[in-house]
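My questions all concern the structure below.
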2 protein chains.
Amino acid sequence: MATGRSTQHNPNPAAGTRRSRGRGIPDATVARLPLYLRALTALSERSVPTVSSEELAAAAGVNSAKLRKDFSYLGSYGTRGVGYDVEYLVYQISRELGLTQDWPVVIVGIGNLGHALANYGGFASRGFRVAALLDADPATTGNVVAGLPVRHTDEMEEIIRSERVSIGVITTPPGAAQQVCDRLVAAGVTSILNFAPTVLNVPDGVDVRKVDLSIELQILAFHEQRKAGDEYRDEDEAADADAEVPSAPAAAVVSTAGRAVEPGRGHGNERGQEYEEAAG
Amino acid sequence: MATGRSTQHNPNPAAGTRRSRGRGIPDATVARLPLYLRALTALSERSVPTVSSEELAAAAGVNSAKLRKDFSYLGSYGTRGVGYDVEYLVYQISRELGLTQDWPVVIVGIGNLGHALANYGGFASRGFRVAALLDADPATTGNVVAGLPVRHTDEMEEIIRSERVSIGVITTPPGAAQQVCDRLVAAGVTSILNFAPTVLNVPDGVDVRKVDLSIELQILAFHEQRKAGDEYRDEDEAADADAEVPSAPAAAVVSTAGRAVEPGRGHGNERGQEYEEAAG
DNA sequence: CCATCTTTGTGCACGCGTTCACAAAGACAT
DNA sequence: ATGTCTTTGTGAACGCGTGCACAAAGATGG
Ligand SMILES: NC(=O)c1ccc[n+]([C@@H]2O[C@H](COP(=O)([O-])OP(=O)(O)OC[C@H]3O[C@@H](n4cnc5c(N)ncnc54)[C@H](O)[C@@H]3O)[C@@H](O)[C@H]2O)c1
Ligand SMILES: NC(=O)c1ccc[n+]([C@@H]2O[C@H](COP(=O)([O-])OP(=O)(O)OC[C@H]3O[C@@H](n4cnc5c(N)ncnc54)[C@H](O)[C@@H]3O)[C@@H](O)[C@H]2O)c1
């Protein structure tokens, strides 16, 4: 869901594969494998030999049936009546996720967030190696962050090729993100983790995942508003909707008026557009 | 607002099983509204008066039919033959997301990541106000970060109550996350954005969203491995998979051997329909 | 006023993902 | 070996999300 390209729906089912026969592992399952892996690693550190699907599911915060079905896509790695062997499952999931090999990554844009990521220990702990830190600002290049020198983006292509980097992390301002993305892709990067609030345009074959703090907060705000609204009804806010809509055009007003018959549509808060400029 | 609205245009006769969601707006739609809002804000800054669903969908990186259906959950805010009024839609989405009001948030754990978030301008730009920065380490409390003093977690409950904070951001080490979460919830926080790689346990009524960099990278690695595996088969890895299994128990090894016979299940490298064309 | 053109709003079908529920598989005791 | 007990693996049903395709709505022009 977070990935830019869905690539799932082929209007032509000519392949004939009806079910999950020749198909790979469902995206939803792949997204949960790291969760299982984390829980299993914790068990492994405590030298727990086996776990049942029920226990592991609880640790991972999912339904046990879902967990079993997820594992069934990987193969039959459990033992009925006993459960799953922790070490073995750690290995299988690691292999399935491609964590048995080394993945060099570059981080582009060593500002506030780039600093934090560079210092993050969780990178190296799972086979992700920071191959380089890149920035366009001459004032920051040369600085040493987390033991690595910040190098200028002029060197991007060379580094990506020589280090065989296939994963890039973008932590530049939004205005530079697409441009940086294009350069990364042109240099050979085929997976991008984007922290900038921008919709990246990439060719087929390139995966983009985005981490957007602002979106997460807004989703929380939506539910928060709903919780608050359920307690005391918004009587005061429902009345004067149409009057205070900011610059509602004729067409839209008509549309609103036609709908004004139904109660509870508007919201009297006059600060309609408080939010001009996004980060820029 | 929920009540008055849902009574109106609901051509669906089977209202019994449907409408399970109290509000009516699907989660998937809610998750996209911030995306639309961002695109609309950009248009608004360029003084674009109206947009068609096609244009806006392109800007937001989604399907136009999906966008129209999403908007249909909010109401009929478009004009056929013309499109949507930008300013009006900005207002409607903002209101729907609850961004017309102020949301004070606290950030707990002012380390690398907490620093970055505190300095992030995108917070305030959408109605999210950092009410306080909290940390348990006496060495960091008292420091001024992004113009705000870091306060000790002893003050957490008092701050949350006095500032009416309902959203908390956790950027502590994973071991402290659950404990911090419990305190936040006990103090009145009902929405949590968790950056620590931990499964948080919360009572009903509390929303948790997680941002997990490690998981995102692992998902990218999975797809990356699949792409690489398509080019040249992973002969070396597939061959000695069993051999390198760390402490694989007898039962599990047998299970693996039995499965190795069937094609297409164990590894996901049989070139499915995803990522077809360009990938090279 | 009528014709045409554009674009919305949505009915519908389809496929993915989730969950239930249970037979089969294996451990373990006797 | 046989029976019992635990837990897996999965068939099947269902709900949700997505995208197609089209009728209706409204703008626009004559
Ligand atoms: N800081 C956060 O907590 C946070 C949260 C969510 C999203 N973001 C997003 O992450 C991005 C980075 O945020 P930040 O706070 O670190 O910003 P920042 O301004 O501190 O850092 C941006 C860095 O990118 C560099 N840069 C600019 N243009 C570049 C280019 N073309 N090539 C390479 N480097 C370039 C700058 O020199 C700077 O060092 C922004 O898009 C922001 O919206 C940040
Ligand atoms: N830095 C990153 O880029 C990054 C990326 C992904 C995830 N994370 C996760 O985010 C969290 C923070 O990462 P970080 O790099 O900022 O770590 P950090 O060690 O730099 O900062 C953690 C901060 O939390 C404070 N803290 C510890 N226990 C606390 C408690 N009980 N109450 C309040 N504050 C407490 C510490 O004093 C410290 O200031 C970690 O869980 C990490 O796994 C970080």
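As the structure is a computational prediction, the values presented were derived from the model and not from experiment. Proteins come first, then strands; the chains are lettered A, B, ... in the order of their sequence lines, and each starts at number 1.
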- Query: Of all the nucleotides listed (dT18(C), dT8(C), dG9(C)), which has the minimum atom distance to the side chain of Arg32(A)?
  - Reply: dT18(C)
- Looking only at heavy atoms, what is the nearest atom pair of Gly98(B) and Trp103(B), with distance? O-NE1, 2.6 Å
- Task: Compare side-chain N and O positions of Tyr84(B) against OP1 and OP2 of dG9(C) and report whether any pair is under 4.0 Å apart.
- Result: yes
- Note on the structure: In whole angstroms, the gap separating P of dG26(D) from OH of Tyr77(B) amounts to 16 Å
- Can you name the nearest heavy-atom pair linking Arg209(B) to Leu220(A), along with the distance?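 Looking at all heavy atoms of both residues, the closest pair is CG-CD2, 3.8 Å.
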- Smallest heavy-atom separation, Ala60(B) atom then Tyr36(B) atom, equals CB-CD2, 3.8 Å
- Identify the heavy atoms of Pro34(B) and Val30(B) that sit nearest to each other, and give their distance. CD-O, 3.1 Å
- Item | Ring center gap for Phe71(A) and Tyr77(A) short of 6.0 angstrom | no
- Using whole Å, report how far CG of Leu89(A) lies from C1' of dT8(D).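 It is 13 Å, rounded to the nearest whole Å.
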What protein N or O atoms touch nucleotides 20-22 of chain C N or O atoms at under 3.5 angstrom, if any, and at what distances?
residue: dA21(C); atom: N6; partner: Arg68(A); partner atom: NH2; Å: 3.3

- Query: Using a distance-only test with no angle check, is there a side-chain donor-acceptor pair under 3.5 angstrom linking Arg95(B) and Thr100(B)?
  - Reply: no
Between side-chain atoms of residues 197-204 of chain B and protein atoms elsewhere (two or more places apart, or another chain), which donor-acceptor pairs fall under 3.5 Å?
residue: Thr198(B); atom: OG1; partner: Pro174(B); partner atom: O; Å: 3.4

- Message: Rounding to an integer number of Å, can you tell me how far Lys66(A) NZ sits from dG9(D) C1'?
- Response: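 Spelled out: NZ on Lys66(A) to C1' on dG9(D) is 17 Å.
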- Note on the structure: From CZ of Arg80(A) across to P of dT7(D) the rounded distance in Å is 13 Å
- Query: Mapping Gly81(A) and Asp70(A) onto DNA chain D by nearest heavy atom, which one lands closer to the 5' end?
  - Reply: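 Nearer the 5' end of the strand: Gly81(A).
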- dT8(D) phosphate, OP1 or OP2, under 4.0 Å from Ser53(A) side-chain N/O: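 Yes, within the criterion.
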- Item | First encountered from the 5' end of DNA chain C, between Gly83(B) and Val82(A) |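 The 5'-side residue here is Gly83(B).
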- Task: Please state how far atom CG in Leu74(B) lies from atom P in dT8(C), giving the value in whole angstrom units.
- Result: 15 Å
- Can you tell me the distance, in whole Å, between the CZ atom of Phe71(A) and the P atom of dG9(D)? 10 Å
- Query: What is the distance, rounded to the nearest whole Å, between atom CG of Asp27(A) and atom C1' of dG17(C)?
  - Reply: 11 Å
- Task: Return the value, rounded to whole Å, for the distance between atom CG of Leu33(B) and atom P of dG17(D).
- Result: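 The distance from CG of Leu33(B) to P of dG17(D) comes to 13 Å, rounded to the nearest Å.
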